[in-house]
Each structure stands twice: as structure tokens, then as C-alpha cells.
Amino acid sequence: MDDLLSSLNPAQQEAVQHYEGPALVVAGAGSGKTRTVVHRIAYLLRERRVYPGEVLAVTFTNKAAGEMKERLARMVGGSASDLWVSTFHSAALRILRVYGEYVGLKSGFVVYDDDDQTTLLKEILKELGLEAKPGPFRAMLDRIKNQGRGLSEFLREAPEFIGGVPKELAGEVYRKYQAGMRAQGAVDFNDLLLLSIQLFEEQPGVLAKIRQRARFIHVDEYQDTNPVQYRLTRLLAGLAEGGTGPNLMVVGDPDQSIYGFRNADIHNILDFTKDYPGAKVFRLEENYRSTESILQVANAVIEKNALRLEKTLRSVKAGGEPVRLYRAPNAREEAAFVAREIVKLGQYGQIAVLYRTNAQSRLLEEHLRRGGVPVRLVGAVGFFERREVKDLLAYGRVAVNPLDGINLRRILNTPARGIGASTVGKLVEQAQRTGQSLFEVLRQAEGLLSRPQPVQAFVELLEELLEAAFETGPAEFFERVLDATGFREALKQETDGEERLQNIEELLRAARDWEEEEGGSLSDFLDSVALTAKAEEPQKGEAPPEASVTLMTLHNAKGLEFPTVFLVGLEENLLPHRNSLSRLEDLEEERRLFYVGITRAQEKLYLSYAEERETYGKREYSRPSRFLEEVPPELLKEIGAFGDTAVPVMAYTRPEPKPKPSLGEFRGGERVRHPRFGQGTVVAALGGEVTVMFPGLGLKKLALKFAGLEKID
DNA sequence: TTGCCAGCAATTTTT
DNA sequence: TTGCTGGCAA
């Protein structure tokens with residue numbers, strides 16, 4: 001069974017063999033973090049005779065959870081299905097679906113996403129006669145709930161005005177929000193965690209039961225936990241028993257903590273050894289991802305931070321091409337440069353362009369498309385967030401939980417059925433006055449409206465759907481909604497009707513797929529959608545994603561890697577962002593963001609900045625990012641506008657002839673260098689594969705994508 | 001009830 | 001610059 005260890009480096013091996021008690025794995029970027037956790041779990045099962053039903057692994061994203069499950073299945077086979085691998089939020093939801101009544105939840109409760117949350121907030125602001133925008137109040141909600149403190153505690157330290165409203169009144173908004181959520185049988189993402197904590201604190205019996213399913217706990221990306229997740233983890237881990245502390249292994253990298261603005265607290269990981277005395281610390285510092293040149297830049301940048309645990313990434317891939325720096329006269333030229341360079345490189349699927357703010361994507365996309373480069377924009381509007389998809393889903397939410405007033409309002413006149421704003425107003429007002437649910441009021445429309453027919457017809461429709469919700473799976477249910485409401489026909493009338501229709505069909509397909517793979521009720525489907533919202537983005541485009549250049553924010557890039565990375569807009573006020581300049585903690589988070597961007601690159605890294613950029617239609621002059629000055633100049637190679645030649649930067653306008661052959665053009669007879677095997681001669685190149693003769697090693701078939709081959713003359 | 005236009009604000013956003 | 005909201009006219 002030592003195949004569990006033989007493929008690992010010494011530090012990884014030690015972490016994998018850790019048995020009982022708390023442990024912190026400080027896992028640098030590209031150091032084989034997931035691999036280590038997966039092997040550790042396998043090791044527990046095989047060598048320590050731990051039951052799969054006693055292992056919990058928590059991640060932040062569904063993607064990470066999915067990946068871990070998959071790798072575990074490959075590693076330990078069938079018993080993987082007994083392991084509990086999930087996100088914080090789905091774990092909490094699963095618990096609350098079973099024990100929710102202990103904390104006052106009704107059985108059909110729904111999970112509200114950001115959008116629903118904002119709608120409810122707006123409604124409350126209106127009800128209180130406030131003109132304010134919901135934004136600041138959303139932030140207030142998040143702060144109160146993410147920190148897991150009460151309202152009064154928050155108010156004590158809050159500024160006098162929130163969103164232009166005295167803080168006492170803002171507090172009233174919060175109270176109304178909470179009451180509104182409960183009355184509608186709704187919870188938000190934060191509630192999932194907060195109510196789980198409440199459940200555990202009030203019901204020791206339940207906690208004890210859950211703990212049996214979680215005797216060995218792993219928390220991934222621990223640097224991104226907020227105070228609520230911290231407390232939940234602590235509760236699950238329990239107190240030290242008889243010498244050995246809790247069997248809690250947290251994994252993360254303080255240098256990649258970039259969600260402070262979401263109330264993630266880097267101190268959770270920094271202080272782990274104080275919180276859990278006797279914790280063992282394992283450091284994974286060997287980086288398998290990036291070349292030495294790239295890591296040198298990364299290390300130089302991050303060591304300027306004070307809030308960190310000492311750590312230096314060592315590269316396994318020695319050498320590598322120098323990191324290139326390009327200075328553009330303006331943002332347009334920067335985008336043009338990126339596009340030109342990418343066209344030269346080819347292999348679009350291996351390239352990512354990363355930026356600080358979404359607004360930067362536009363110019364880049366424009367120039368790339370103009371150059372005939374297919375583009376994949378990550379993190380635009382998520383599929384489940386499209387209006388028409390949300391509309392259809394709202395029918396499901398209401399059918400499962402008729403108390404859900406927000407979603408009921410959403411579908412009341414969607415598609416239009418003659419229930420206009422004034423009618424809706426009357427109905428909602430009546431509901432507020434009498435304290436009845438909106439659904440209840442709809443049923444009594446006759447006495448309230450002069451022309452109740454449309455509402456009555458709608459109520460009838462709803463009642464049918466309520467029944468359908470019990471009888472059918474999600475796919476069939478949505479079909480019925482579409483048929484009964486004339487949804488498709490209504491969409492066809494709209495401007496983007498065709499596209500929206502396609503999205504509807506996509507939802508049906510997703511529902512059918514889900515029934516096949518997971519199976520379950522409409523309610524289960526809605527749960528899974530609520531917790532996945534952003535993840536799935538069916539790509540229907542000209543080119544498949546693997547042939548497209550990826551464009552995304554630095555935040556979205558965390559956890560990913562690409563052979564070639566362009567990091568653009570490295571300017572003061574952009575990275576670091578203007579709003580993060582005043583506090584040192586914020587500035588360090590910006591630096592980490594830069595660091596995360598750098599460490600995404602495997603082989604080639606381009607940095608760029610523009611001396612002039614239009615912001616909101618106004619021209620602004622910018623200075624290069626202070627982070628660039630932190631990089632020793634000898635680690636960077638400044639390049640001119642036409643690419644990779646040592647042209648003085650000032651000469652960016654001078655046409656530069658000599659195009660460099662792009663990666664991927666290998667021919668027989670050519671001399672190449674491989675990061676591990678050294679020098680060799682190309683024997684054959686076919687598709688994405690090259691066969692190379694290495695003296696002393698023989699013939700090697702290499703995937704171009706991963707090999708990191710370099711031509712030498 | 002719908003549709004259009006002026007006015008305004010504008011990081012990042014795993015769940 | 002864009003994209004959304006609220007107010008008002010048809």
C-alpha cells in the first residue's frame with residue numbers, strides 16, 4: 001500500500017501520515033494541496049482503519065468538492081461514496097433539511113440567492129418609505145451575519161448613518177428583513193451556517209450525531225473562512241478529548257487569502273496553532289506548477305506582506321523563460337498588444353488573461369475577437385441567474401413553498417397576464433396590513449379587486465402546480481409550467497427571445513440530466529440549483545472552451561492554472577485598487593491578488609500596464625503599480641509593442657519585424673530543452689504530441705501542453 | 001400596463 | 001463609457 005506515499009515528496013508524505021489531533025497544512029500555490037488531502041484520507045482508511053462514514057471534507061466551492069470526490073473515488077473505490085465531501089453550505093443545508101424544525105424552519109423552506117435577498121430588501125425599504133438604495137444595506141446584512149454577531153453589537157460600532165439612513169432605522173431594516181425571511185419560509189446563505197450553529201448549540205444530541213459522521217475533519221482553503229465558518233468548524237471539531245486534540249486538518253495558504261471583503265478572516269489560519277494548541281504544522285513549499293523565473297517574481301512580491309506565515313516556494317521546473325513586462329501607452333494599445341501576442345502564440349486554450357475588474361474585459365474581448373481569437377468569458381452572468389431561468393425556477397420555488405412571497409411576486413405577472421403594478425400593489429399592501437401571506441390574499445382577490453378574473457385564473461394555475469410539485473420530477477414540472485402559462489410564446493415576442501428560449505431549453509435539459517444523475521424531488525433540484533448558482537455555464541458558442549482564450553478576474557482565477565498567463569492593468573488605482581489604498585490590510589490583500597495571478601502561470605507570464613486609461617468615459621493617467629516596483633528588475637524583461645525582442649520600451653511604435661515562432665511548431669531534427677529531461681532532439685511531432693530523443697533516457701512521448709519544451713538553437 | 005428616456009453610479013463576490 | 005432605476009407619457 002505504499003503507493004499512497006511513493007508518489008509524494010517528503011513534506012506531503014508527512015502530512016498524509018498525520019493521524020490524530022489538529023494539523024495545519026500550509027500549502028503554497030501549486031504544491032499539490034488537493035493531492036495531499038486526497039492521499040491523507042485514503043491513508044486514514046487503509047492504514048488507520050478509519051471508516052469512510054467518519055470522514056468529512058469541507059470545501060468552499062462545488063467545483064472543488066466535485067474534484068475531490070472524483071479523485072477520492074479513483075483512489076479508494078466504492079467506499080468513497082460513504083465519505084462526506086461537500087461545501088460548507090451544502091453540508092449545512094443537508095443538516096437543516098433533517099433537523100431544521102429544531103431551529104424553527106418549516107419543512108419546505110427555500111434558499112434565497114443574492115437576487116432574492118435584494119428584492120426583499122427593496123420591498124422593505126419601500127415599506128418604510130425610504131428612498132435609499134439596497135446596496136449599503138446588503139453590505140450591512142452580510143457584515144452582521146458573516147461575523148455572526150448580533151444586531152445590537154453591530155449597531156454599537158456602526159457609523160451613525162448607513163446608506164444615508166440613521167443607524168437605528170437601518171437596524172429596523174435588518175429586523176424586518178429577518179422577520180420577512182422567516183415568514184416566507186426562506187433562508188439566505190448565511191442563515192444556513194448560522195442556523196446550523198444555533199442547532200448545534202441548542203441540541204447537543206444532534207451535534208453528537210453529526211460528530212460521529214465527522215470524526216476526521218478536513219477544511220480546504222482555510223484562509224478564506226469567515227468568523228461563522230470558523231465557529232462552525234470549531235463546534236464540529238469539538239473540544240480536546242483526553243490528550244489528543246480534535247482531529248481537524250485545515251489546509252490553506254495565507255498568501256492566497258483574497259476574500260477579506262466577504263468577511264473572510266486571514267487570522268483564522270494565521271492563529272490556528274494558538275486556537276488549537278499542539279497542532280502540527282506541515283509546509284508544502286515545493287511548487288510543481290510554475291517555472292523558476294515565474295516563482296522568483298511571485299516570491300519577491302509576496303515577501304513584502306507582513307500578515308503571513310513564512311514560506312518560500314521552491315520550483316521543481318528550473319529555469320524557464322523570463323517574465324515579460326509590457327508598457328502600453330494606453331489601455332487600447334495594451335489590449336491590442338495582448339491580442340497580437342496571443343495570435344502569435346496560438347494554442348488559445350492554454351492562455352488566460354487576468355484582470356482586476358470586470359470592466360477591463362471589454363477592450364480585451366473586443367481586440368481578441370477582432371483578431372479572430374475565440375474567447376471564453378468566465379464569471380459573466382451565471383446561467384441560473386438569467387432572468388428567464390430565474391422566472392421559471394420561481395414557479396418551482398412557489399410550488400414547493402407557497403409562502404415564498406418574493407418568488408410569488410416574480411411570477412404573478414410573468415408572463416404578462418393582466419396583473420399590473422397597481423393590482424400587485426393592492427395585493428401586497430393587503431398582505432402587509434393583515435399579516436397574511438400573499439398567496440392567501442390572492443385567494444380572496446374577489447373581494448378586493450374590481451376585476452379579479454386574472455388573479456383568480458392565476459390562483460387556479462398555482463393550485464394545479466402545487467399538486468404537480470408533489471407528483472412529478474423537476475423536468476416534468478417545468479414542462480407543465482411552460483405549457484400552462486404560454487411562457488414560450490411570450491418569450492418569442494421579446495427582443496432576445498430566441499436566446500432566452502434556448503436558455504429555457506437548457507434548463508429543461510439540466511433538470512433531466514440531474515434526474516438521471518442525482519435523482520430526487522423538485523425540492524431537491526431547487527436546493528442543488530440554489531447552491532450551485534454560478535458554477536454551471538453551458539457554453540454555447542462558436543468555439544469550444546478548450547480552443548478559446550480564457551478571460552476572467554483575478555478572483556475567479558484562484559485555484560486554476562494555465563501554461564500562459566497575461567496579467568493586465570498593473571496600475572495604481574487598479575491593482576492595488578483605489579478603494580484599497582488606505583488600509584494596510586486591504587493593500588496586502590491586493591498584493592495577494594497579484595500573487596495569485598502570478599502563480600497561475602505555468603510557463604509564460606506577461607505583465608502589462610497602460611499609462612492612460614479611460615475610466616467611466618474619462619481619460620485618466622496612471623502610474624505603474626507599486627507592486628511592479630517590488631520586483632527586482634533583473635527578473636523582468638521589458639518588451640516592445642511587437643513582441644518578444646529586446647526593443648527599448650520607448651520604441652513601442654516602431655514596427656518590429658521578427659516574429660517568433662509560436663509554441664507548438666516543433667519539427668523533426670530540432671534541438672529542444674525539457675525542464676526535467678534536459679536537452680534532446682525532436683523525432684516526430686504529431687497533433688499535440690512530440691516525440692523527443694533524450695540522450696541516455698531514450699525516446700519520450702510528450703504532451704506539448706504539459707511538457708514545457710523549449711527550442712534551443 | 002407598457003415603454004421610453006433622463007439621471008445616476010460605477011471593486012473583487014467561492015455559497 | 002455602460003447599465004440600471006424611477007418617473008412619466010402613450
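Proteins get letters first, then strands, A, B, ... in listed order; numbering begins at 1 in each.
Between R356(A) and the choices T553(A), L593(A), L570(A), the side chain to side chain contact (heavy atoms under 4.5 Å, CB included) rule is met once, by L593(A).
If you measure from atom CG of N263(A) to atom P of dT15(B), you get 17 Å, rounded to the nearest angstrom. If you measure from atom CG of D114(A) to atom P of dT13(B), you get 12 Å, rounded to the nearest angstrom. In this structure, N190(A) places its CG atom 14 Å from P of dT14(B), rounding to the nearest Å. In this structure, D115(A) atom CG and dC4(C) atom C1' are separated by 13 Å, rounded to whole Å. Going from atom CZ of R592(A) over to atom P of dT14(B) covers 18 Å, rounded to whole Å. Here the P atom of nucleotide dT15(B) and the CG atom of D116(A) are 16 Å apart, to the nearest Å. One can place CE of M68(A) at 14 Å from C1' of dT14(B), the figure rounded to the nearest angstrom. One interatomic measurement links the two molecules: CD of E620(A) to P of dT1(C), which rounds to 15 Å at whole-angstrom precision.
Within the structure, every pair that satisfies the salt bridge (Lys or Arg N to Asp or Glu O under 4.0 Å) test and touches residues 415-429 of chain A, not counting sequence neighbours, is listed here: E429(A)-R433(A).
Applying the salt bridge (charged side-chain N to carboxylate O under 4.0 Å, His left out) test to R488(A) and every residue at least two apart in sequence or in another chain returns E479(A), E505(A). Contacts of R626(A) classified as salt bridge (charged side-chain N to carboxylate O under 4.0 Å, His left out), with partners at least two apart in sequence or in another chain: E572(A). When the salt bridge (charged side-chain N to carboxylate O under 4.0 Å, His left out) test is applied to D191(A), the partners found at least two apart in sequence or on another chain are K145(A), R182(A).
In dT11(B) the O4'-C1'-N dihedral to the base is within 90° of 0, which defines a syn nucleotide.
Looking at heavy-atom distances under 4.0 Å, A416(A) makes contact with sugar-phosphate atoms alone, never a base. Counting any heavy atom pair closer than 4.0 Å across all strands shown, N413(A) reaches sugar-phosphate atoms only and no base atom.
Taking atom P in both dT13(B) and dC4(C), the straight-line distance is 16 Å, to the nearest Å.
A salt bridge links R578(A) to E620(A): at least one charged side-chain nitrogen sits closer than 4.0 Å to a carboxylate oxygen. Remark: R97(A) does not engage D524(A) in a salt bridge, criterion side-chain N to carboxylate O under 4.0 Å.
Atom CZ of R613(A) sits about 5.5 Å away from atom CG of L574(A), to the nearest 0.5 Å.
Listed here is the closest heavy atom pair of L72(A) and V85(A): CD1-CG2, 3.9 Å.
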Close N/O contacts between protein and nucleotides 10-12 of chain B (under 3.5 Å):
unit_1: dT11(B); atom_1: OP1; unit_2: Y616(A); atom_2: OH; d: 3.2
unit_1: dT11(B); atom_1: O4'; unit_2: H577(A); atom_2: NE2; d: 3.2
unit_1: dT12(B); atom_1: OP1; unit_2: N358(A); atom_2: N; d: 3.1
unit_1: dT12(B); atom_1: O4'; unit_2: R356(A); atom_2: NH2; d: 3.1
unit_1: dT12(B); atom_1: N1; unit_2: R356(A); atom_2: NH2; d: 3.4
unit_1: dT12(B); atom_1: O2; unit_2: R356(A); atom_2: NH2; d: 2.3

Write out a two-atom table: protein N or O, nucleotide N or O from nucleotides 5-8 of chain C, distance below 3.5 Å.
unit_1: dT5(C); atom_1: OP1; unit_2: K122(A); atom_2: NZ; d: 3.4

